[in-house]
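Data first, discussion second: the structure below is written as structure tokens.
Whatever order the structure lists them in is the order used to number ligands and atoms, beginning at 1. In this text the structure is predicted, and so the values were computed from the model without any measurement. Along the sequence shown, residues are numbered consecutively beginning with 1.
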Amino acid sequence: MFSKIIINISVENLDRPFTYRIPDRLTDRCHPGTKVLVPFGNSNRMIEGYILEIIDHADIDESKIKDIDSIVVEQSANESRLIELAAFIKEQYGSTMNAALKTVLPIKRAYKPKEKKTIEAKADTEVIVEAYSEAQRKKQSAKARLLHELIEETVLDYTLVTSKLKVSVATINSLQKAGIISVKSENYFRNPVVLGKSREKDISLNDDQKAIVDEFVCDIDNDIHKTYLIHGITGSGKTLTYISLIKEVVKRKKQVIVLIPEIALTYQTLKRFYHYFGERVSVLNSAMSPGEKYDQCERAKKREIDVIIGPRSALFTPFSDLGLIVIDEEHENTYKSDSMPRYHAREVAAKLAQLTNASLVLGSATPSVESYFRALKGDYKLFSMTKRATGAVLAQTMIVDMRKELHDGNKSIFSNVLKEGIADRLNKGQQVMLFLNRRGYAGFVSCRSCGVVMRCPHCDVSLSEHLSSGKLVCHYCGYEEKRPRICPRCGSKYLLGFKAGTEQIEEEVHKLFPDAVTARMDADTTRQKGSMEKILESFAEKKADILIGTQMIVKGHDFEDVTLVGIIAADMSLAINDYRAGERTFQLITQAAGRAGRGDKEGETIIQTYQPEHYAIVHAASQDYRAFYDEEILYRELGGYPPAKEIVGILVTSKDKALAQTTCEKMADYIRKTENEAEVMGPAKAGIGRINDIYRFIFYIKSNDKNVLIRCKNRLEEGLSLSSRLQVNFDFNPLNPL
Ligand code: ADP
Ligand code: ZN
Ligand code: ZN
């Protein structure tokens with residue numbers, strides 16, 4: 001047996017592993033992540049390294065390969081754990097070890113810590129006063145300014161002195177030489193968290209919350225580390241429960257990772273956590289500068305922080321004593337990576353918790369069907385919170401059958417009740433949210449004479465019209481062209497733009513309620529960094545009466561004065577050809593409904609749909625998760641979908657269409673012939689058959705046993721000859737149709 005060993009683990013060294021032989025006496029104890037001592041270089045001096053991979057044949061001349069000397073035993077070895085985690089990701093999701101390591105080692109290089117320089121008074125006050133009058137007499141005004149400040153305050157910020165007081169470095173140096181001041185410099189780590197103490201009161205826990213905390217504390221004190229699923233309706237007090245659990249863990253000198261579904265929610269979560277943990281809580285996310293990110297990792301290593309908050313990549317924070325991982329809104333799709341390796345943070349968190357002896361807490365108002373399934377099976381400990389902690393009641397919900405509206409002559413996008421509801425709220429000075437349940441739908445342009453739709457020449461998708469620039473844009477490859485004035489196929493002048501759904505709603509609102517101020521939040525209005533926060537903020541400050549948007553507006557934002565939520569096309573997400581359509585529809589409607597009546601005023605939700613009898617809509621309207629789950633799981637079992645069965649999608653892509661297609665066919669055939677515990681579906685052209693001139697073919701493998709799928713993946717990977725002309729991607733339990 002041989003192994004690939006890395007001497008200095010950092011991203012830029014990953015491409016230079018060395019091959020060593022594993023002597024028989026050590027084979028049982030060597031695995032990815034093991035720290036070892038190896039002879040290195042001509043002198044064979046002993047140095048430390050980490051095993052990245054075990055390989056069964058040497059990739060270089062065997063006679064030149066040296067033996068591993070021994071194993072280094074070390075407690076809380078972060079690097080070892082990260083390598084183990086990378087090996088897990090490689091095995092579970094299909095990727096190279098390199099790509100997996102780059103996922104877990106996100107910081108590219110060491111950044112110098114920032115310097116903080118100060119100027120301090122060294123001499124006594126009398127001496128300084130003396131020097132000050134002398135400088136004044138000699139008309140040395142810069143020197144006088146600095147000395148004058150030093151009479152008031154004994155420590156000054158260096159940059160403040162040079163910039164605001166405009167004192168030159170030469171002047172500072174001369175005062176230093178004279179022994180009047182001293183310049184000190186100190187390294188410090190950037191702390192991205194700058195908050196005042198918030199006014200959140202210390203609240204005592206209610207019985208539901210106490211029960212969870214008590215059981216959790218009992219478990220950890222008995223060294224039992226489980227996965228807990230907290231199913232609590234919106235406003236039931238989940239966040240406060242997490243905070244209490246975290247306090248217990250921190251008290252026991254351990255650290256905590258809190259995952260949130262997206263960066264946009266960081267600030268509001270952080271604000272609440274800061275109240276309890278102050279400077280010992282920090283954030284980590286891709287919006288931070290590399291230096292800031294690096295410093296958070298250093299602070300984590302040095303135990304300057306106890307709690308880190310961030311999206312899925314925060315999972316790889318190098319804590320040496322991890323005690324707990326919390327995943328809030330665990331059902332969210334953003335926990336799954338959308339690039340290779342396509343790992344799911346929930347699964348990787350479970351592995352990390354196992355490696356570190358930590359607990360895992362999942363929380364949601366609408367748990368993923370997978371997690372609830374595991375909880376009912378007993379793999380997870382389930383807690384349910386069914387009441388709002390503040391005593392507020394859930395919004396009244398009402399389903400409106402849009403078929404009937406049309407039948408009765410109402411051709412508008414709004415039902416009569418919704419129109420009346422909006423008018424009523426505008427009258428009362430309350431706010432309204434209109435949620436268009438439609439994902440990724442942007443405007444497109446077509447010809448009224450011949451029906452042709454303007455499409456991207458490089459992708460199998462239609463182009464979207466950008467009103468501001470007058471251009472047609474491809475959202476997949478970035479291709480742009482000027483909006484043509486006549487039809488490129490038939491020459492007709494009648495080219496019709498179909499507006500994005502949200503724009504259409506906004507227009508309709510303006511027609512019906514000319515005085516209402518609207519704000520719109522969709523892919524188009526949030527293209528710029530920070531624009532989403534701006535829209536939300538202005539709505540919170542009541543600068544708009546009506547907020548119109550796609551699913552972005554339903555996530556965790558609290559607006560006290562919103563008393564009406566209208567869901568425009570509740571069934572739109574059911575039309576998507578995907579076994580998760582019902583689940584996603586249920587989640588979106590429940591979340592949207594949860595936005596109404598967050599303050600002390602009662603709320604109302606109006607759900608407009610063409611399928612009022614669909615179980616996802618019926619149970620979302622009655623806010624009955626369990627009833628939804630019971631129907632959904634039956635459907636999954638009948639159809640053989642996760643979590644009843646496991647699925648892996650294999651996407652084969654190439655510029656050469658025939659190559660992609662035949663490779664995909666060969667792979668599918670091979671599995672069909674050799675695996676009798678697996679079921680193969682396809683191959684077929686992928687949902688979007690071409691992106692950026694790259695052709696895409698797909699097939700799926702299903703099995704009761706995930707290990708069978710991993711075996712299939714490993715064998716397919718082995719059979720592949722690496723080629724830049726062809727790419728193969730694995731996607732386990734894909735969230736979106738490929
Ligand atoms: P969730 O995370 O489940 O949506 P939160 O933890 O945000 O719920 O709590 C919702 C509201 O209820 C917050 O305003 C919070 O301050 C309040 N709250 C939570 N727990 C309690 C409690 N034990 N007593 C009183 N109010 C509470
Ligand atoms: Zn035409
Ligand atoms: Zn394109």
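Numbered from 1 in the order shown, with element, the atoms of ligand 1 that lie under 4.0 Å from a heavy atom of I203 read 16 (O), 21 (C), 22 (C), 23 (N), 24 (N), 25 (C), 26 (N). Heavy-atom proximity to T390, at under 4.0 Å, picks out these atoms of ligand 1: 11 (C), 12 (O), 17 (C). Every atom of ligand 1 with a heavy atom of L205 under 4.0 Å away is listed here by number and element: 23 (N).
The SG atom of C456 and the SG atom of C474 meet at the Zn ion (ligand 3) at an angle of about 110°, given to 10°. Rounded to 10 degrees, the SG-metal-SG angle spanning C447 and C450 at the Zn ion (ligand 2) equals 110°.
The shell of residues lying under 4.0 angstrom from ligand 1, judged by heavy atoms, includes S236. Ligand 1 has no atom lying under 4.0 Å from any heavy atom of A365. Distances from ligand 1 to the non-hydrogen atoms of M385 include no value under 4.0 Å.
Taking the six-membered ring for Trp and the full ring otherwise, the centers of F539 and F559 sit less than 6.0 Å from each other.
Heavy-atom minimum distance, V249 versus Q255: CG1-O, 4.3 Å.
Ionic pairing of D338 and R342 is not present here: no N-O contact between side-chain nitrogen and carboxylate oxygen is shorter than 4.0 angstrom. Of the charged side-chain nitrogens involved, at least one lies within less than 4.0 Å of a carboxylate oxygen, so that R252 and E248 count as a salt-bridged pair.
For T239, heavy-atom contacts with ligand 1 shorter than 4.0 Å involve the backbone as well as the side chain. Within the 4.0 Å heavy-atom criterion, the part of R272 lying near ligand 1 is the side chain and not the backbone.
For the residue pair E481/Y479, the side-chain donor-acceptor check at 3.5 Å is satisfied. The closest side-chain donor-acceptor pair between S368 and S371 falls under 3.5 angstrom. Using modelled atom types and a 3.5 Å distance limit, the side chains of Y476 and D460 yield no donor-acceptor pair.
Polar contact with ligand 1: present for G235 (N/O pair, distance under 3.5 Å). When only interatomic distances are considered, the shortest N/O to N/O separation between G237 and ligand 1 falls below 3.5 Å. At least one N or O atom of Q209, backbone or side chain, sits closer than 3.5 Å to an N or O atom of ligand 1.
When distances to the Zn ion (ligand 3) are checked against a cut-off of 2.8 Å, H458 contributes no N, O or S atom below that limit.
Annotation: cation-pi pair K381/F383 present, NZ/CZ under 6.0 Å from the ring centroid and within 45° of its normal.
Ring geometry for F586 against F628 counts as parallel: the plane angle stays under 30°, on a 0 to 90° scale with 60° as the upper cut.
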